[in-house]
Amino acid sequence: MSEPKRLHPIAVLLNIIKSIKELVIPFLLVVVIPGKNEGIPGWIQPLVIAIIILLIIGNAFLQWLRFTYRIEEGEFRIESGVFVRKKRYIKFDRIHSIDISEGIIQRVFSLVKLNIETAGGSQADAVLSAIRKSDADRLNAYISEEKNANNPSDKDEVADNEIVAKSSSVFKQTLPQLFAMAATSGAVGVFLSGAIAFISQFDEMIPFQRIFKDYEDFIEMGTFILTLFALVALLAVYVLATLSMVIKYASFTVIKTDEEIVISRGLLEKRRLTIPIHKIQGIRIMENLIRKPLGLATVYIEYAGGSMEDKESLSIMLFPLIRKKHLQGKILEILPVYETDTKMKPIPKRALSRYVFRKFLYLIPIIGALVWFFRPWGYLSIMLVPLAVFWAYMQYRDAGWSIEGNLLLLSSRFFSKQTLIMQRSRIQSITYKKSWFQNRKELATITASIKSGITSRVGMVADVEEKDCLIIKSWYSPKKAVDSQ
């Protein structure tokens with residue numbers, strides 16, 4: 001594999017699509033949305049568009065032509081750059097994971113995209129956007145073989161057990177479970193807000209006033225038609241959001257090997273994500289308002305890896321949807337050091353008034369503004385008071401902590417309940433602080449952070465017993481002082 005190789009020619013098309021995605025907003029703002037300007041010939045705008053398109057195509061072709069990769073002297077070597085030549089050498093023993101995915105375009109041509117990641121990178125160290133599956137498998141096998149060869153203590157063991165128990169399937173999400181996961185997720189809100197934001201960019205181009213004027217008489221028939229139309233539109237968005245989630249996580253499978261977890265998923269875009277077990281910092285259990293009463297949860301891996309270019313690699317879903325009663329058994333199959341059935345110690349009852357007080361602190365100015373500017377309808381905002389009290393109670397009830405051996409568990413809620421489980425050796429810092437108001441009630445706030453992606457994941461529980469904070473502090477660092485305020 002020492003001869004330099006180029007990507008498949010379809011990489012030119014992928015480069016064009018990538019460039020268009022990066023330039024679409026500036027292109028619309030500068031060229032399309034302003035429309036016709038007085039004093040400027042009509043042929044100027046088409047000419048500018050044509051030049052931009054030619055530049056994008058030319059740059060994409062040159063990027064493909066100047067990009068080569070090869071394996072030589074125990075390194076993965078890449079040369080790239082149109083005007084400035086870049087050479088990147090990645091040692092095999094620095095490679096932590098190789099991720100393989102298949103987008104729609106790659107699948108049409110029986111190709112895959114291969115990402116090579118090392119420790120501490122804010123982006124993928126090497127991205128091969130279009131190579132044949134056979135080449136990707138050969139690269140993966142060759143790099144793994146070379147890494148094992150450089151570790152003499154494991155070489156014989158790997159050879160003897162190459163076939164026996166190489167990997168085992170631990171979890172597979174069924175189609176009905178996927179629909180339940182998608183239907184109870186918050187994807188509909190993201191989908192709806194994205195659609196509104198997109199439409200708002202074209203409010204000057206779409207003749208909303210003329211449209212509504214033409215249908216003014218129809219609208220005056222009553223609010224029933226408008227309400228029905230809004231419900232149908234919301235239902236359509238809900239169905240689309242649900243289907244998009246099902247397509248994204250179809251065939252979701254978790255496979256455990258001796259040193260890695262391999263997660264596969266996707267219908268239109270297939271993806272295989274490899275996570276080294278030694279880089280896992282903790283696990284996060286999420287229960288939203290719908291799933292928690294049903295005994296369901298979503299589980300994420302907090303992983304010291306990923307890249308800014310790939311947002312999904314920064315928050316890796318281990319179980320899209322699982323029953324809480326089955327969670328501990330599945331976790332033990334994959335990560336036996338983690339305990340999820342630990343009983344949490346709740347925060348004291350005197351903390352409830354502080355949770356309610358914080359809600360009113362933000363709610364009272366909002367209600368006052370609504371009543372003042374939108375009376376008499378603004379008085380309906382008073383109905384937010386019981387909702388705020390209920391929300392505060394839910395946050396109080398779900399707050400808690402626990403220590404189980406070398407594990408620290410912190411539970412809290414904003415909208416969804418989050419339980420963060422961390423190993424003591426993986427915790428970056430623990431901080432406890434108390435305000436003047438907390439000091440009066442002998443309460444404090446405890447926070448703990450672990451490495452997650454290129455930043456940190458922070459668990460926080462407010463209004464814990466002050467003596468409990470000292471217990472957690474001494475458990476984490478019995479001989480060292482922990483920052484406190």
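How far CZ of Phe171 is from CD1 of Ile331: 10.0 Å, rounded to the nearest 0.5 Å. Between Asn406 atom CG and Ile427 atom CD1 the span is 9.5 Å, to the nearest 0.5 Å. The distance from atom CD1 of Ile334 to atom CD1 of Ile275, rounded to the nearest 0.5 Å, is 9.5 Å. Of the inter-residue distances, the one linking Leu384 atom CG with Ile366 atom CD1 reads 8.0 Å to the nearest 0.5 angstrom. Note that CE of Met460 is 10.5 Å distant from CG of Leu410, once rounded to the nearest 0.5 Å. Ile277 CD1 to Lys256 NZ: the interatomic distance, rounded to the nearest 0.5 Å, is 4.0 Å.
Within 6.0 Å of atom CZ in Phe179, 12 or fewer heavy atoms from other residues, nucleotides or ligands are found, so the atom counts as exposed in its surroundings. In the displayed structure, Arg440 atom CZ is contacted under 6.0 Å by at most 12 heavy atoms of other residues, nucleotides or ligands.
A side-chain donor-acceptor contact under 3.5 Å links Ser456 and Gln428. Inspection of the Ser402 and Thr342 side chains reveals no N or O donor paired with an N or O acceptor under 3.5 Å. Between Ser412 and Gln418, the side chains place no donor N or O within less than 3.5 Å of an acceptor N or O (distance only, hydrogens not considered). Between the side chains of Gln177 and Gln173, at least one donor-acceptor pair of N or O atoms lies under 3.5 Å. With hydrogens and angles left out, the side-chain atoms of Arg272 and Ser264 include no donor and acceptor closer than 3.5 Å. Residues Gln395 and Lys359 have side chains that bring a donor and an acceptor to within less than 3.5 angstrom of each other.
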Show, in sequence, the C-alpha distance, side-chain angles and deciding distance for Leu128 and Val112, and conclude whether the side-chain contact (heavy atoms from CB on, under 4.5 Å) test is met. CA-CA 8 Å; Leu128 307 183; Val112 297; over 6 Å; no
Could you please spell out the steps behind the side-chain contact (heavy atoms from CB on, under 4.5 Å) verdict for Gln438 and Arg354? CA-CA 9 Å; Gln438 286 177 315; Arg354 287 189 47 79; 3.6 Å; yes
Run the side-chain contact (heavy atoms from CB on, under 4.5 Å) check on Val337 and Gln423 step by step: do they pass? CA-CA 9 Å; Val337 298; Gln423 292 188 64; 3.7 Å; yes
Lys417 and Ser411: side-chain contact (heavy atoms from CB on, under 4.5 Å), yes or no, with the steps? CA-CA 7 Å; Lys417 179 183 177 182; Ser411 175; 3.2 Å; yes
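For the pair Arg358 and Asp463, the salt-bridge criterion is met [side-chain N within less than 4.0 Å of a carboxylate O].
Side chain of Arg271 to main chain of Lys248: no donor-acceptor pair is present (N/O by atom type, distance under 3.5 Å, no hydrogens or angles). Between the side chain of Glu269 and the main chain of Gly266, no donor-acceptor pair closer than 3.5 Å is present. At least one donor-acceptor pair under 3.5 Å links the side chain of Asn288 to the backbone N or O of Thr184. At least one donor-acceptor pair under 3.5 Å links the side chain of Gln106 to the backbone N or O of Ser129. Of the possible polar contacts, one joining the Asn15 side chain to the Ala11 backbone as a donor-acceptor pair under 3.5 Å is found. The backbone N or O of Val371 lies less than 3.5 Å from no partner atom in the side chain of Trp377, so there is not a single donor-acceptor pair. Between the side chain of Thr298 and the backbone N or O of Pro320 there is at least one donor-acceptor pair closer than 3.5 Å. A distance-only check finds no donor-acceptor pair linking the side chain of Tyr393 to the backbone of Leu352 [under 3.5 Å]. Judged purely by atom type and a 3.5 angstrom limit, Gln328 uses its side chain to pair as donor or acceptor with the backbone of Thr340. Here the side chain of Tyr355 pairs a donor or acceptor atom with the backbone of Ala462 at under 3.5 angstrom.
Thr174 is not listed as a side-chain neighbour of Leu178, based on a closest heavy-atom distance of 4.5 Å or more. The side-chain heavy atoms of Ile430 and Ile472, taken from C-beta on, include a pair separated by under 4.5 Å. A heavy-atom distance below 4.5 Å is found between the side chains of Leu296 and Arg323. Here the side chains of Glu466 and Tyr432 are in contact, with some heavy-atom distance below 4.5 Å. Taking the side chain as every heavy atom from C-beta outward, Glu302 and Arg426 never approach each other to under 4.5 Å. Contact annotation: the side chain of Met317 approaches that of Tyr249 to within less than 4.5 Å [non-hydrogen atoms, C-beta and beyond]. Between Trp401 and Ile347 there is no side-chain heavy-atom pair separated by less than 4.5 Å. Put simply, the side chain of Lys473 does not reach to within 4.5 Å of the side chain of Tyr476, judged on heavy atoms.
Between Met181 and Leu321 the shortest heavy-atom distance is N-CD2, 3.6 Å. Shown here for Leu268 and Ile247, the closest heavy-atom pair between the two residues is CG-CG2, 3.8 Å. Across all their heavy atoms, Gly405 and Trp475 have their closest contact at O-NE1, 3.0 Å. Nearest heavy-atom pair, Ala448 versus Leu408, reported as atom, atom and distance to 0.1 Å: CB-CD2, 4.1 Å. Scanning all heavy atoms of the two residues, the minimum distance from Ser416 to Met286 falls at CB-CE, 3.8 Å. Shortest non-hydrogen contact noted between Lys330 and Phe319 is CB-CZ, 3.7 Å.
Under the salt bridge (charged side-chain N to carboxylate O under 4.0 Å, His left out) criterion, the residue pairs touching residues 379-399 are Lys292-Asp398, Asp398-Arg413, with sequence neighbours excluded.
Here Trp391 and Tyr396 keep their ring centres 6.0 angstrom or further from each other.
A cation-pi contact, defined as under 6.0 Å to the ring centre and within 45° of the axis, links Arg284 to Tyr300.
Screening Lys434, Arg350, Lys441, Lys345 for a salt bridge (Lys or Arg N to Asp or Glu O under 4.0 Å) involving Glu465 leaves a single residue, Arg350. When the options Ile280, Ile255, Ile316, Thr274 are evaluated for a side-chain contact (heavy atoms from CB on, under 4.5 Å) with Ile261, the one that passes is Ile280.
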